*Asks:* 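So that we are looking at the same thing, I have put the structure below in structure tokens.
Chain letters run A, B, ... following the sequence lines, proteins first, then strands; residues in each count from 1. All figures in this text were calculated on a predicted structure; none of them were measured in a lab.
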2 protein chains.
Amino acid sequence: MASIKDVAAQAGVSVATVSRVLNSHPSVSAEARTRVLAAVDALGYRPNAVARSLRTAQTRTLGLVISDVLNPYFTELARFVEEEARALGYSVIIGNADERPELQDHHIRTLIDRRIDGLLVSPADGGSPLMREVSLSGTPMVFVDRWIPGIDVPVVRADGTGAVKDLVAHLHELGHRRLAIIAGPAATTTGNERVEAFREALRELGLALPDAYIGQGDFQAASGRRATEGFLALPEPPEVVFAADNLMALGALDAIRARGLRVPDDIALAAFDDIPWFVHTDPPITTVAQPTAELARAAVRALADLIEGRTPQSVTLPARLVVRRSCGQDATDQRSTR
Amino acid sequence: MASIKDVAAQAGVSVATVSRVLNSHPSVSAEARTRVLAAVDALGYRPNAVARSLRTAQTRTLGLVISDVLNPYFTELARFVEEEARALGYSVIIGNADERPELQDHHIRTLIDRRIDGLLVSPADGGSPLMREVSLSGTPMVFVDRWIPGIDVPVVRADGTGAVKDLVAHLHELGHRRLAIIAGPAATTTGNERVEAFREALRELGLALPDAYIGQGDFQAASGRRATEGFLALPEPPEVVFAADNLMALGALDAIRARGLRVPDDIALAAFDDIPWFVHTDPPITTVAQPTAELARAAVRALADLIEGRTPQSVTLPARLVVRRSCGQDATDQRSTR
DNA sequence: CTGAAAGCGCTTACAG
DNA sequence: CTGAAAGCGCTTACAG
């Protein structure tokens, strides 16, 4: 592969001049510029990003550590993150933690070793010592979706409180009184917040959330299945199951089917996170939808601000309720809402 | 961030010795090793991967260019690719082409500029000049899933011929005679092969595949919707629609629902690519499943072989039919197959 | 076993 | 406007 030296030789100038042309430095004669550009073209020269990074101490690369790529919510988030980063001139390297703290740390390590300019993370757990260390070390860092109390970095996330309240009101209107939730890991903020929003919304309607109606999940399908099996084995099973993410909802559906029950006739189901497939499940699933694209964009912008020395903003965007048919519907409202 | 110089100073040795310890070079005294390790620990030193890459001319990084991350098939592929790569000591950087050739080229460029050790690609189109150039330039490269005739690199893919034949036999048994397909882009190998396998299977049963029953899609949901609308508007609509990937099947479902028709009573539906949600759609969808994990592993191994100077192997793995309920079922076979 | 030195491919103050 | 030189943080032949 041709190096800057080859280009300099071919153009009959110094490597300094080649570098100036490549970086559009103003003080280069038109003639030198032409000769360099011709040489670049002739040799098919491409600057070595590794060398450039070593010299400039910046990689124009962002690290994105997400808890589970297979979760469509995070896949979508990752896609929009890359899109916005590209628009701002950054590449992004994704690290998938598979909801495993040690894998998360592995990726953070690797990313830091590669000297990424900044880190976007949706922590898989309550936060490892490494994550705290990284934030303290001055590496620009932003939390997206999930965050860790006590680590002082900008947070870009959705607030589901209002939407969960709307959901509970919707369920109440449909006559449901025994509502259960499959929670995410207690160590994650989203795991907690969704349960608390749910509990609070129930309380306002004078409904209780007994412990037996709180299933402990880990945002993965299998845990949704297990939790739902637990609910169904109860002497008085709930009338509604609310899964705190889309994968646990998938598991819940599995469990309900396996029991030979039907949604919403035998039991209602709602989920957090809207995904394209929810329109086509049997029945279409009522969900709390997050503004994924906007979250991704705001997170990237906050990180770029931090990297480039501007003041970053924490952002909280509201989630919203999308009513479909999985919780039942009353006779007066036969239209299905997309 | 501490550099190798700091470690050397702290340990009272030269940077050469530090480097040797870090790379477990045999000829280092036990005492020097201890001192270096202690210094590394004290300083929290991590080698700068950028500098190391510049010096060694290798990045221990693989590039993976996929045509669409939002397609669950590719998401899963990417996940397993990263897993296997990690096991072999490589990181992977994913480039998402969104089925757009120019975006694909952008990612290939960026990846090459970063001097990745090898490139895994599932081409979004018939292959750009750039892709050919890269393969010729000696950059280790392997095609996965899709490939480009005339570019001589190892190919790791699934062969759907047998499974498509099984599918067509299944459809024929259920009494279906008018079968349509939503094809992928003609420029992609998977786009072509699936149509050809389908056509051939029909031919063997004495059935024709009229042009009107071949919808042109692009592996995205919207195209599946359009193609299906076209089929349904035909004077004699097909009895079965076979979508050549899972996203077009999603679009087909959209179109069928919008028309107020039901699957499989009014029209049957089958798809290529199995994904977890197909179990929970209404009805569960009959598909041709690819051995995604095995494909990913074989592709990474082939690429590592190429990079490390061994002889890589092209691999073709069979896909298999998974029968569910979206094509109807006869009275004697009431069990639903997972 | 160890260190001084060269060099990977760039960028950038410095001097002219 | 231009070039020689230093230096980013490593690794590794070479000499001892």
*Asks:* Going by side chain to side chain contact (heavy atoms under 4.5 Å, CB included), B/Leu119 matches just one of B/Val153, B/Val142, B/Ile108. Which one?
*Replies:*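 Answer to the side chain to side chain contact (heavy atoms under 4.5 Å, CB included) test with B/Leu119 among B/Val153, B/Val142, B/Ile108: B/Ile108.
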
*Asks:* Using atom P in both nucleotides, what's the gap between D/dT2 and D/dA6 to the nearest angstrom?
*Replies:*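 Rounded to whole Å, the distance is 22 Å.
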
*Asks:* Tell me the interatomic distance from B/Asn23, atom CG, to D/dG9, atom P, rounded to whole angstroms.
*Replies:*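 The distance from CG of B/Asn23 to P of D/dG9 comes to 17 Å, rounded to the nearest Å.
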
*Asks:* Need to verify one output field. Residue with the more 5' nearest nucleotide on DNA chain C, B/Ser27 or B/Arg115?
*Replies:*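 By nearest-heavy-atom nucleotide position, the 5'-most residue is B/Ser27.
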
*Asks:* Contact class for B/Ser29 vs. all strands (heavy atom < 4.0 Å): base, sugar-phosphate, or nothing?
*Replies:*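 Sugar-phosphate, backbone atoms only, no base.
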
*Asks:* Check whether the side chains of B/Glu82 and A/Asn96 place a donor and an acceptor atom closer than 3.5 Å, and report yes or no.
*Replies:*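 Their side chains do not contain a donor-acceptor pair, so the 3.5 Å distance test is not met.
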
*Asks:* Counting N and O atoms only, with roles assigned by atom type, does the side chain of B/Ser67 sit under 3.5 Å from a partner on the main chain of B/Ala97, one being a donor and the other an acceptor?
*Replies:*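 Such a contact is absent between B/Ser67 side chain and B/Ala97 backbone.
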
*Asks:* Indicate whether the side chain of B/Arg114 and that of A/Thr61 have a donor and an acceptor atom separated by less than 3.5 Å.
*Replies:*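 A/Thr61 and B/Arg114 do have a side-chain donor-acceptor pair below 3.5 Å.
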
*Asks:* Under 4.0 Å between any heavy atoms, over every strand shown, what does A/Thr56 touch: base, sugar-phosphate, or nothing? Just pick one.
*Replies:*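 Sugar-phosphate only.
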
*Asks:* Expressed as a whole number of angstroms, how long is the span from B/Asp113:CG to C/dG9:P?
*Replies:*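 Value for this atom pair: 14 Å.
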
*Asks:* Can you name the atoms? Protein N/O to nucleotides 5-7 of chain D N/O, anything below 3.5 Å, with the distance.
*Replies:*
{"residue": "D/dG7", "atom": "N2", "partner": "A/Arg55", "partner atom": "NH1", "Å": "3.2"}

*Asks:* If you take all heavy atoms of A/Thr110 and A/His106, which pair is closest and at what distance?
*Replies:*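 Scanning both residues, the minimum pair turns out to be OG1-O, 2.8 Å.
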
*Asks:* Side-chain N or O of A/Arg52 versus OP1/OP2 of C/dT11: is the shortest distance under 4.0 Å?
*Replies:*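 It does, given that an N or O in the side chain of A/Arg52 lies less than 4.0 Å from OP1 or OP2 of C/dT11.
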
*Asks:* Quick one: B/Ile4 CD1 to D/dG9 C1', roughly how many Å, whole number?
*Replies:*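 After rounding, the gap between these two atoms is 7 Å.
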
*Asks:* Quick one: CD1 on B/Ile112 to CE on A/Met1, what's the gap to the nearest 0.5 Å?
*Replies:*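 So the gap between those two atoms works out to 6.0 Å.
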
*Asks:* For B/Tyr90 and B/Asp117, what are the C-alpha separation, side-chain angles and deciding distance, and is it a side chain to side chain contact (heavy atoms under 4.5 Å, CB included)?
*Replies:* CA-CA 9 Å; B/Tyr90 290 91; B/Asp117 292 343; 3.8 Å; yes

*Asks:* Can you check whether B/Lys5 has a side-chain N or O nearer than 4.0 Å to OP1 or OP2 of D/dC8?
*Replies:*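 Yes, because at least one side-chain N or O of B/Lys5 sits under 4.0 Å from OP1 or OP2 of D/dC8.
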
*Asks:* Categorize A/Ser3 for me: base, sugar-phosphate, or nothing, with a 4.0 angstrom heavy-atom threshold over every strand shown.
*Replies:*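 The answer is sugar-phosphate, as A/Ser3 gets under 4.0 Å only of primed atoms, P, OP1 or OP2.
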
*Asks:* Can you give me the dot-bracket string for DNA chain C, 5' to 3', counting Watson-Crick and G-U wobble pairs with both distances under 3.5 Å, using [ ] for crossing pairs and | for partners on another strand?
*Replies:* |||.||||||||.|||

*Asks:* Please determine whether the number of non-hydrogen atoms from other residues, nucleotides or ligands lying under 6.0 Å from atom CD of A/Glu294 exceeds 12.
*Replies:*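 Atom CD in A/Glu294 is packed in, count exceeds 12.
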
*Asks:* Establish, with yes or no, whether the OP1 or OP2 oxygen of D/dC8 is under 4.0 angstrom from a side-chain nitrogen or oxygen of B/Asn48.
*Replies:*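 False: B/Asn48 side-chain N/O out of range (4.0 Å or more) of D/dC8 OP1/OP2.
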
*Asks:* In whole angstrom, what separates B/Arg114's CZ from C/dG9's C1'?
*Replies:*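 Those two atoms, CZ and C1', are 16 Å apart.
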
*Asks:* Rounded to whole Å, please give me the gap between NE2 in A/His25 and P in C/dT11.
*Replies:*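 Distance, rounded to whole Å: 12 Å.
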
*Asks:* Between C/dC1 and C/dA5, how far apart are the two P atoms, rounded to whole Å?
*Replies:*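 My reading of the P atoms in C/dC1 and C/dA5 gives 23 Å.
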
*Asks:* Which sits closer to the 5' end of DNA chain C, B/Ala51 or B/Gly12, going by the nucleotide each is nearest to?
*Replies:*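 Result of the comparison: B/Gly12.
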
*Asks:* Give the intermediate values and the outcome of side chain to side chain contact (heavy atoms under 4.5 Å, CB included) for residues B/Ser19 and B/Ile4.
*Replies:* CA-CA 8 Å; B/Ser19 178; B/Ile4 196 171; 4.0 Å; yes

*Asks:* On the nucleotide D/dG3, are OP1 or OP2 found under 4.0 Å from the side-chain N or O atoms that A/Thr17 carries?
*Replies:*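 Yes.
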
*Asks:* Please report the distance, rounded to the nearest Å, between CZ in B/Arg35 and C1' in C/dT2.
*Replies:*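 These atoms are roughly 12 Å apart.
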
*Asks:* CE of B/Met131 to OG1 of B/Thr139: how many Å apart, nearest 0.5 Å?
*Replies:*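 Going from the CE atom of B/Met131 to the OG1 atom of B/Thr139 covers 12.5 Å.
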
